[in-house]
Amino acid sequence: MFKTPRGTQDILPQDQPAWQHIENTILTLCHRYGFERISTPVFEDTGLFTRTVGEETDIVQKEMYTFKDRGDSEITLRPEGTAPVCRAYIQHGMHNRPQPVKLYYFATIYRYERPQTGRFREHHQFGAEAIGDKDPSLDAEIIHMAWKIFNNLGLKDLTTQLNTIGCPKCRPVYLENLKDFYSSRIHEMCGDCRVRHQRNPLRLLDCKNPVCQSAADSSPRSYDYLCPECGQHFEKLKTYLRILEIPFLLNHRLVRGLDYYTRTVFEVQPEDVGGQSTIGGGGRYDNLIGELGGPPTPAVGFATGLERIMLNMEKQHLLPKSNGGIDIFIAPLDEQAREKGIGLLNILRQEGFSAMMAAGEKSLKAQLRQAGAFSARYVIIIGEEEIKKNSVILKDMATGEQETIPANSLVNSISKRLKGS
RNA sequence: GUGGGCGUAGCCGAGUGGUUUAAGGCGCCAGGUUGUGGCCCUGGAGAUCGAGGGUUCAAAUCCCUCCGUCCACCCCA
């Protein structure tokens, strides 16, 4: 027996209403905020990700689905959504479009992880990117839209954590101070942190080890070392967020697992922090497009995991269940009636009704049972009598009432009942 | 990648060495007379008890390996 590969899942018909609800909510907001949809390939050149996400990150080090294709090209299933969008921005000369270019995507994301609740090897992300302007109002807009999405879906008790990690001008100064701070106590830190101290000091801050945590808590804060430009950017962003009435918490230990971020970083988390707490996150990445060989282009964006949204909505009992029934179910009692039914099906569907007919030879009882199971609102019964008189029986499944009507007035009759016209 | 729990029909789940030809419920299919659903009643189909190997006269039940799943770590969405 074949099964879905580890860490992947089928999204079954009964789950689709929930997915659609989430997608529709997001689509509405994207339109309101002026974002346009983009789709990129599931796989890209491996280099796109190693260059942007960062060689030292866990994603690149141990989580990418990388392989050589039959033409010996190095291919990777996308482990995140931002780099491909930036690649598309460059490839299609989008810097010639009015800036900022505001794009959103729904994409499957691939990471070789050990699966558990809310964590998969294939998952679905929604992301939005505003590319081409460094204005902090765009940072605010991105955070606002993220916050709005969760809000409109009805999610409660979310916190937005905010930090800034400076730019290539001021970050080195900060990192020096950070390293100095840690140097005296690195011997008591965990093994991972000793490596981080050498290779990626920023990540010392989000170590979960209790000993390292207390050190991180009292460590120097990036926002105390910002250059004037970054400082002003951060101040303005906070002002805008207050105007938008977005509650946020400053967290100097918030850094992200991807190396391309500059200045703003943020994460949205549910209150009851389980294992997989983050439901969405993002930040500014002013150097990414330049590093990919494009013109120097500032940008800001965020992404959210649809499975994580779903998980939290389920906890809060916010998921819709039913996918509704069909309008009409046709129950033919013999072969002649079936022929009649096939014609009626066609007509009803052309009129815009959802209609189906019982398949196989079944008793009327069985057919009605089936109509009930499909949540049909009306059943059309056709038997010998009806064929003779060229009529049909129209039965209202909610009330149980039924009447015999001429076959040629069926559409009219149904329209009256279902469309109220 | 590390540590731990779990794995019985589509789903939930009883059974922890021999009255098991593996309960029960949901769901599915059919019937409850001659052309009428949702409730109720009756019946039926559906399980190589995750896979492979071992111990034993005897294994769903004990042991080993693998796979899957869940939880924690890690990381993130």
Side-chain angles (χ1 to χ4, degrees), chain A residues 1-10 12 14 53 56-63 78-82 106-127 146 149-150 190-193 196 203 206-210 212 254-258 267-270 273-282 302-312 325 329 331-334 337 358 360-387 393-402 404:
Chain A
M1 272 268 279
F2 289 110
K3 288 191 285 192
T4 50
R6 185 164 204 202
T8 68
Q9 55 178 347
D10 297 318
L12 300 171
Q14 59 267 34
V53 174
E56 295 302 329
T57 60
D58 279 19
I59 292 177
V60 169
Q61 291 273 315
K62 48 192 189 192
E63 294 184 349
R78 64 178 163 226
E80 64 106 25
T82 299
F106 285 94
T108 48
I109 300 293
Y110 301 86
R111 292 184 201 162
Y112 190 83
E113 306 221 40
R114 185 124 173 218
Q116 60 190 71
T117 318
R119 187 216 265 175
F120 307 91
R121 289 185 173 179
E122 177 189 70
H123 76 275
H124 297 74
Q125 282 190 8
F126 161 81
I149 287 172
F150 303 133
C190 71
D192 285 341
C193 277
R196 293 181 181 125
R203 300 208 49 87
D206 73 346
C207 185
K208 303 296 189 302
N209 188 305
C212 307
L254 176 67
V255 297
R256 308 219 65 231
L258 299 90
E267 250 175 48
V268 180
Q269 302 181 346
V273 265
Q276 273 57 50
S277 51
T278 304
I279 152 164
F302 94 103
T304 177
L306 301 189
E307 285 87 352
R308 296 268 172 96
I309 290 180
M310 204 115 17
L311 196 69
N312 283 282
F329 186 93
L333 295 181
D334 58 27
E361 284 181 28
K362 287 189 171 73
S363 67
L364 181 56
K365 187 195 196 80
Q367 297 194 57
L368 282 168
R369 249 201 266 255
Q370 204 171 37
F374 285 113
S375 310
R377 298 182 60 184
Y378 291 94
V379 171
I380 293 168
I381 301 168
I382 312 171
E384 256 181 283
E385 282 293 302
E386 289 68 34
I387 293 288
I393 294 172
L394 184 59
K395 181 182 175 76
D396 184 327
M397 290 297 274
T399 64
E401 287 164 13
Q402 63 183 51
T404 304

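Throughout, protein chains are lettered first and strands after them, A, B, ... in sequence-line order, and every chain is numbered starting at 1. Note that these values count all heavy atoms, side chains included, but never hydrogens, waters or copies made by symmetry.
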Expressed as a whole number of Å, how far does the P atom of B:rC74 sit from that of B:rU2?
-> 16 Å
Mind calculating the distance between CZ (A:F126) and C1' (B:rA77) to the nearest angstrom?
-> 13 Å
What is the pairing partner of B:rG38, taking Watson-Crick or G-U wobble pairs with both distances under 3.5 Å in any strand?
-> none
Where do A:L258 and A:T57 come nearest, in terms of heavy atoms and distance?
-> CA-CG2, 4.3 Å
Whole Å only: how far is the CD1 atom of A:I279 from the P atom of B:rC75?
-> 20 Å
Quick one: list whatever passes ring pair (Phe, Tyr, Trp, His ring centres under 6.0 Å) with A:H124, sequence neighbours left out.
-> A:W19
Polar side-chain contact A:R119-B:rC74 base: donor and acceptor under 3.5 Å = yes
Atom CZ of A:R308 and atom P of B:rC75: how far apart are they, to the nearest Å?
-> 13 Å
d(A:H123 NE2, A:I109 CD1) to nearest 0.5 Å is 5.5 Å
Whole-Å distance between B:rC11 P and A:Q14 CD?
-> 11 Å
How far, in whole Å, is B:rC6 from B:rG25 if one measures between their C1' atoms?
-> 22 Å
5'-most contact on RNA chain B: A:T304 or A:P5, nearest heavy atom basis?
-> A:P5
For A:E113, which contact category applies under a 4.0 Å heavy-atom criterion: base, sugar-phosphate, or nothing?
-> base
Got a second to check how far A:R119's CZ is from A:R111's CZ, nearest 0.5 Å?
-> 10.5 Å
Scan A:G7 against the nucleic acid and name what it touches under 4.0 Å (heavy atoms): base, sugar-phosphate only, or nothing.
-> sugar-phosphate
The residue, A:C207 or A:T8, whose nearest nucleotide of RNA chain B is more 5′ is A:T8
Is there a side-chain polar atom (N or O) of A:R203 under 4.0 Å from OP1 or OP2 of B:rC76?
-> yes
Is there a Watson-Crick or G-U wobble partner for B:rG43 with both distances under 3.5 Å, and which nucleotide is it?
-> B:rC29
For atom P, what is the distance between B:rA22 and B:rA47, given to the nearest Å?
-> 12 Å
Interatomic distance at C1', B:rA14 relative to B:rG43, whole Å | 23 Å
Measure all distances between protein nitrogen or oxygen atoms and nitrogen or oxygen atoms of nucleotides 44-52 of chain B, and list the pairs falling under 3.5 Å.
none

B:rU19 versus B:rC28 - spacing of their C1' atoms, nearest Å | 32 Å
Separation of B:rG5 atom P from A:Q116 atom CD, nearest Å, is 16 Å
Hey, is the main chain of A:P332 close enough, under 3.5 Å, to the side chain of A:Q367 for a donor-acceptor pair?
-> yes
Tell me what A:R196 touches on the nucleic acid: a base, only sugar-phosphate, or nothing, going by heavy atoms under 4.0 Å.
-> sugar-phosphate
Residues two or more places apart in sequence or in another chain: which of them pass side chain to side chain contact (heavy atoms under 4.5 Å, CB included) with A:Q370?
-> A:F329, A:A358, A:K362, A:F374
Drop me the distance from A:I279's CD1 to A:Q269's CD, to the nearest 0.5 angstrom.
-> 10.0 Å
Expressed as a whole number of Å, how far does the C1' atom of B:rA23 sit from that of B:rG38?
-> 29 Å
Heavy atoms from other residues, nucleotides or ligands near CZ of A:F106 exceed 12 (cutoff 6.0 Å) = yes
When rounded to the nearest 0.5 Å, the distance separating CD of A:E401 from CG of A:L394 is 11.0 Å
Partner of B:rC62 by Watson-Crick or G-U wobble geometry, both contacts under 3.5 Å, or none?
-> B:rG54
Give the rounded distance in Å between these two atoms: CZ of A:F120 and C1' of B:rC76.
-> 13 Å
Separation between the P atoms of B:rG54 and B:rC41, rounded to whole Å = 48 Å
Does B:rG24 have a Watson-Crick or wobble partner in any strand here, with both distances under 3.5 angstrom, and which is it?
-> B:rC12
Sorted by chain and residue number, the salt bridge (charged side-chain N to carboxylate O under 4.0 Å, His left out) partners of A:E267 (sequence neighbours excluded) come out as A:R256
Write down the distance between NZ (A:K62) and C1' (B:rU2), rounded to a whole number of angstrom.
-> 10 Å
Pairwise P distance, B:rC12 and B:rG52 [rounded to whole Å] | 22 Å
Annotated protein contacts, base or backbone, on nucleotides 31-43 of chain B with a non-hydrogen cut-off under 4.0 Å, one of B, S, - each | BB--BBBB-----
Residue A:E56 excluded, over 12 heavy atoms near CD under 6.0 Å | yes
Could you tell me which residues satisfy side chain to side chain donor-acceptor pair (under 3.5 Å) with A:Y110, sequence neighbours excluded, listed by chain and number?
-> A:T108, A:E122
Taking a pair as Watson-Crick or G-U wobble with both distances under 3.5 Å, which nucleotide is matched to B:rC73?
-> B:rG1
A:R114 CZ to B:rC75 P: how many Å, rounded?
-> 16 Å
Is a donor-acceptor contact shorter than 3.5 angstrom present between the side chain of A:R6 and the base of B:rC67?
-> no
Any strand, both distances under 3.5 Å, Watson-Crick or G-U wobble: B:rG7 pairs with B:rC67
